[in-house]
Amino acid sequence: MTTTTLIVLPFAGALLVALLPLPRRATGFLSFAIALVEVARWIVAAAQYDYDKGGLQLASSTEWVKSLGISYSVGFYGFSIWLAGVTVIVSAAAIGYAVWVDRERPRAYHALMLGLTGAVVATFAAQDLLLFYVAFEAMLIPLYVLVGAWGGERRGTATLTFVVYTMVGSLLMLAAVVAFGVSQGTFSLVDSGTSDNTWIFLGFAVAFAIKAPLFPFHGWLPLAYREAPIEVTAVLSGIVSKTAVFGFLRIALPKFPEPVDDLRGLILVLAGAGLVYGSLLAFRATDLRGIVAYSSLAQMGLIVVGIFAFNDLALDGAVLQSVNHALISASMFLLVGMVERRTGTGELSALGGMARGRPVLATVLLVAGMIALAVPGSTTFAAEFLIMAGAYGQGWGYAAIVALGVVLAAIYVLRLISAVLHVDPGSAVRDEARDLRPTELTLVLPLVACLLVLSFWPALVSESSFRGDHGAKVIAQGFR
Amino acid sequence: MIAAIATPHVDWLPLTPSLALLGASGLCLLSAVLVPGWMRRTIASIIAFAGAVTAASFAVAVFDRSSDAHTLLADSMTRDRLAAFAQLILAVTGAVIVFVAWGERRRTNHGEYFALLTASLAGMAFFVQAANLMTLFLGLEWFSLCLYVLVAIDTDRATSLEAGLKYVIVGGFGSAVLLFGSALVYGATGKLGFSEIAAANAGSDAFLVAGLAMILAGLGFKMSAAPFHMWTPDVYQGAPSSVTAFMSAATKTAALVLTLRLLNTAFPNESDIWTIAVAVIACISLAWGNLAALAQRDVKRLLAYSSISHAGFMLIAIEAGTQRGAEALLYYLVPYSAMSVGAFAVVAARERELAAPVTLDSIAGFGWERPLYGSAMWLFMLGFAGFPLTGGLFGKFFVFSAAYEAGDWWIVLVGVAATMLSLAYYLNVVRAMYMRPAPATRLVAVGGAPPRDPALAIAVAAAAVVTVGSFFVAQPILDLASDAAAALSF
């Protein structure tokens, strides 16, 4: 019941917001209020979950299509509760930002944002393959409209590329879902066994690789991230990419042990390549959004290295880094949005010197940046260390790549901070551009605060993701 | 003496859907003559609606009482759940079409329109009950002739007349091919009844196979499967939109259900031959329909090609040749009919506003101006593409499952690839409705403000409800489909 409420609440809110003929501000506040209620609901659910016991909790299941073995089956594990939590928090911040910048056609906009939230939470809660597929697909429609109708100049091409890439992956996944479910006799993730069919595994893996995105399926990323409204980019980068993480952890790894073994090396190499390639592209990017977008590609590569390293340390690190990355990319993108609103551009060549006279912006950006580049003592450092240690178990080469990635992250984050804040004011920076307003601070500060809390206590997430500390064993046993 | 004449026993109940619609048709025709002109449309549409609803109730009654299939009237027709299920879908489609057709601008011929509509439905109801080749042909010609006239009924529009002429010529050719094929089958087996043809066990007699091929071609014409689809884009584009909506949903339902029955009852021994043939036709339909639709600017033509590709999807279900495949087909027909009728109804709404053909340019901004039609069209386009939260997803899902179970994993990949292609043009329609700025179109108010058409809105809302409803209440529909499919033996 709790889980179903968490899923249904945003959808019900979306309908309410779409249909009630309220004035602009009222619609925005209603939408933000619903998002906050969802966060509260999640806190209650997270408190109810017994992390020491682990396993599937807060579960419910009803038969949907009996003839094929499809059921409406939902529930949370430790790691998926954290992913759902970061979803509702980031989405609340994004909706708040949308209210702050007063998006056009607010009723449609907020209905779509809330619908997107509901679909993503449903993805993390799904314990039936068809339900997972439905939720995975349902994310696409709001994103398509949000980017296509409220996006920047090149939104047409951006949406087209994004939709084509995602749908190719999703439809391959549909074929894989059909094949898996029919051969297992049921579509329930809890009841079905394992399969050693590499093609079915690839159907899932390619879909998740496109969603993450993973090198070399990342072609949609630069344009989509640049052209979407900034808070939608924050949601895309922070939350939607984590559905791929969930897919890998819940479906790809436990259900296909042999194909994973066979293809592990290839996937680790691709993920590592994505980490390095994304970092290098981030360093070379000339606009703020580009840097953060490519850093997102790099971080997802890092997370996938952690997942496919497939030992306890790496899996804990992967989940922790997923949570971190969601919070970091959300705060970074929101901050980038705030900078863009003040200067009218994201081009690094036109920015600079914003720290003078704007201490709050400088501090928040610096803190977020420091955490992003995994300064020792931060939660990202803990996560990356765990992943590095775990990757070492697969081969010292992977650990070396992760270390390289950390170094490269430092380079591009410092470049971003320096280009925005330091030296002389850029051509687009005017003295009248104000510091972070209280409202903007209220949106970003909770995200940074969560990151600081996690920096002091990373074990909050990393040690409660799987039953105790035994991620590899739990997954190998298929989450039973 | 009269009492001593031996009258054959006639089981009237299974004939009632067809008879109810025939009666309605007669009454509509009378209304064309007896009722004053200004009342004609209202009276005729009420009669047609009542006839469709009566037929639907009779179909439900027949479904209830026909747990075991048997034939009637000297084995020329069947009484079974498959026919009843198809008749139910046809009757409900007809009822919704009455709402779509009510607001259509027509100077005259209102009574005739509804008379032909109900007569065509009666013919389709008769067609799906056919148990031998003669009744099959009879039913086919019955509903086809009504459709030919319906397509051309807007005699003041050249495109309508042209479409009607094309349909007559090509449809006549298709029927002739089917008849010739039936003659060959009769020559090979000496039998006309479906079960008798199977029992005659003529093996791979060349006449039989050739006859089967020609019958398949003739039925392919009717269900607009490529490469027998040449008439579809022009006829769908030229016909009045309500007739197009009717054709896209009802004709396909009738043709597909009958093909399922024919292939499994009359030609089970040749299943390895027709499985391959149907698979090939399905693949060609999927490829041709989707590729051609990508190039279309006129929305009705685009939807026509999309309906060709959906015929391909549904043929995959027949190709599986299993009970699961039959269930999948029968399930798919429910959301497909709803989405088809709904999509053409939305196009009709725009057409009536502009009094001009609806293209991707002229539909710009429609979504913002008329939110109900816009969001409904969203739903229908996404449903056609097989997106979740619509019955279209389950339709494709069940079809793919049936094909995979039957061992044809490759056709699942073809279907998936076709779906990927189709997304391009479905999303294009939605994008055209919402994302281009409205000033690109001048709204030509024909004779005043844009017409307020509550009947059309009801039809679109009903179609949307069925599209979404068939996603959430999938199992009950599947149970009905499974009962219906049990009437055939696999």
Side-chain angles (χ1 to χ4, degrees), chain A residues 11 18-19 62-72 105 107-108 111 115 119 122 130-141 144-145 147-151 155-156 159-160 163-164 166-183 185 187 197 199-200 203, chain B residues 323-324 327-328 331 367-368 371 374-375 378-379 381-382 385-390 393-394 396-407 409-424 426-428 430-431 434-437 471-479 481-482:
Chain A
F11 283 118
L19 295 174
T62 33
E63 265 180 355
W64 190 359
V65 181
K66 209 169 42 173
S67 351
L68 278 173
I70 302 175
S71 52
Y72 169 80
R105 297 193 186 110
R107 281 165 54 191
L130 188 71
L131 183 63
F132 176 79
Y133 177 78
V134 166
F136 204 76
E137 287 298 282
M139 287 189 294
L140 189 61
I141 314 160
Y144 174 71
V145 186
V147 178
W150 282 272
R155 60 185 186 273
T159 345
L160 188 67
V163 167
V164 166
T166 316
M167 278 312 291
V168 166
S170 303
L171 286 167
L172 282 174
M173 191 167 77
L174 176 65
V177 165
V178 166
F180 184 80
V182 170
S183 54
F187 285 87
N197 190 325
W199 294 109
I200 303 182
Chain B
Q323 170 108 355
R324 202 65 114 186
E327 280 172 26
Y331 174 87
W368 293 119
S375 32
W378 248 121
L379 213 54
M381 293 297 105
L382 291 178
F387 247 78
L389 301 179
T390 63
L393 169 72
F394 272 139
K396 294 217 165 108
F397 198 82
F398 295 149
V399 167
F400 291 155
S401 302
Y404 188 80
E405 251 185 354
W409 55 267
W410 58 273
I411 219 173
V412 174
L413 289 177
V414 173
V416 161
T419 312
M420 286 185 209
L421 265 181
S422 69
L423 261 170
Y426 289 133
L427 287 179
N428 231 5
V430 178
R431 189 167 68 149
Y434 276 96
M435 290 164 198
R436 311 250 195 91
F471 175 78
F472 289 105
V473 288
Q475 186 61 33
I477 302 180
L478 256 186
D479 286 335
S482 146

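So you know, we letter chains A, B, ... as the sequences are listed, proteins then strands, and number each from 1.
- Of all the heavy atoms in A/Ala138 and B/Pro388, the pair that sits closest is N-CG, 4.4 Å.
- Contact annotation for A/Phe187: only side-chain heavy atoms (C-beta onward) come within less than 4.5 Å of a heavy atom of chain B.
- To the nearest 0.5 angstrom, A/Leu68 atom CG is 7.5 Å from B/Glu405 atom CD.
- Heavy-atom neighbours of B/Trp410 CH2 from other residues, nucleotides or ligands within 6.0 Å: above the threshold of 12.
- If you take OG on A/Ser67 and OH on B/Tyr331, they are separated by 11.0 Å, rounding to the nearest 0.5 Å.
- Between the CG atom of B/Leu382 and the OH atom of A/Tyr144 there is a distance of 9.5 Å, given to the nearest 0.5 Å.
- In terms of heavy atoms, B/Met420 sits closest to A/Leu171 at CG-CD1, 3.1 Å.
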(request) For the pair A/Val145 and B/Trp378, evaluate side-chain contact (heavy atoms from CB on, under 4.5 Å) and give the outcome as yes or no after the intermediate values. (result) CA-CA 11 Å; A/Val145 186; B/Trp378 248 121; 3.1 Å; yes
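- Here the CG-CG distance, from B/Leu423 to A/Leu160, works out to 10.5 Å after rounding to the nearest 0.5 Å.
- Of the listed residues (A/Gly156, A/Ala179, A/Ala175), the one with the most heavy-atom contacts under 4.5 Å to chain B is A/Ala179.
- For A/Val163, the part lying near chain B is the side chain, with the backbone staying farther off; criterion is any non-hydrogen pair under 4.5 Å.
- Heavy-atom distances place the side chain of B/Phe387, and not its backbone, under 4.5 Å from chain A.
- Heavy atoms closer than 4.5 Å to chain A are found in both the backbone and the side chain of B/Leu427.
- The two atoms that bring A/Val65 and B/Ala474 nearest to each other are CG2-CB, 3.8 Å, heavy atoms only.
- Residues A/Val182 and B/Phe400 form no side-chain contact, since every pair of their non-hydrogen atoms from C-beta on lies 4.5 Å or further apart.
- Looking at B/Val412, only its side chain comes within 4.5 Å of chain A, counting heavy atoms on both sides.
- Interface summary for chain B: among A/Leu172, A/Val164, A/Val168, the most heavy-atom pairs under 4.5 angstrom belong to A/Val168.
- The closest side-chain heavy-atom distance from B/Phe471 to A/Trp64 is below 4.5 Å.
- Note that CG of B/Leu478 and CD1 of A/Ile70 are 8.5 Å apart. Values are rounded to the nearest 0.5 Å.
- The CE atom of A/Met167 lies 8.0 Å from the OG1 atom of B/Thr419; values are rounded to the nearest 0.5 Å.
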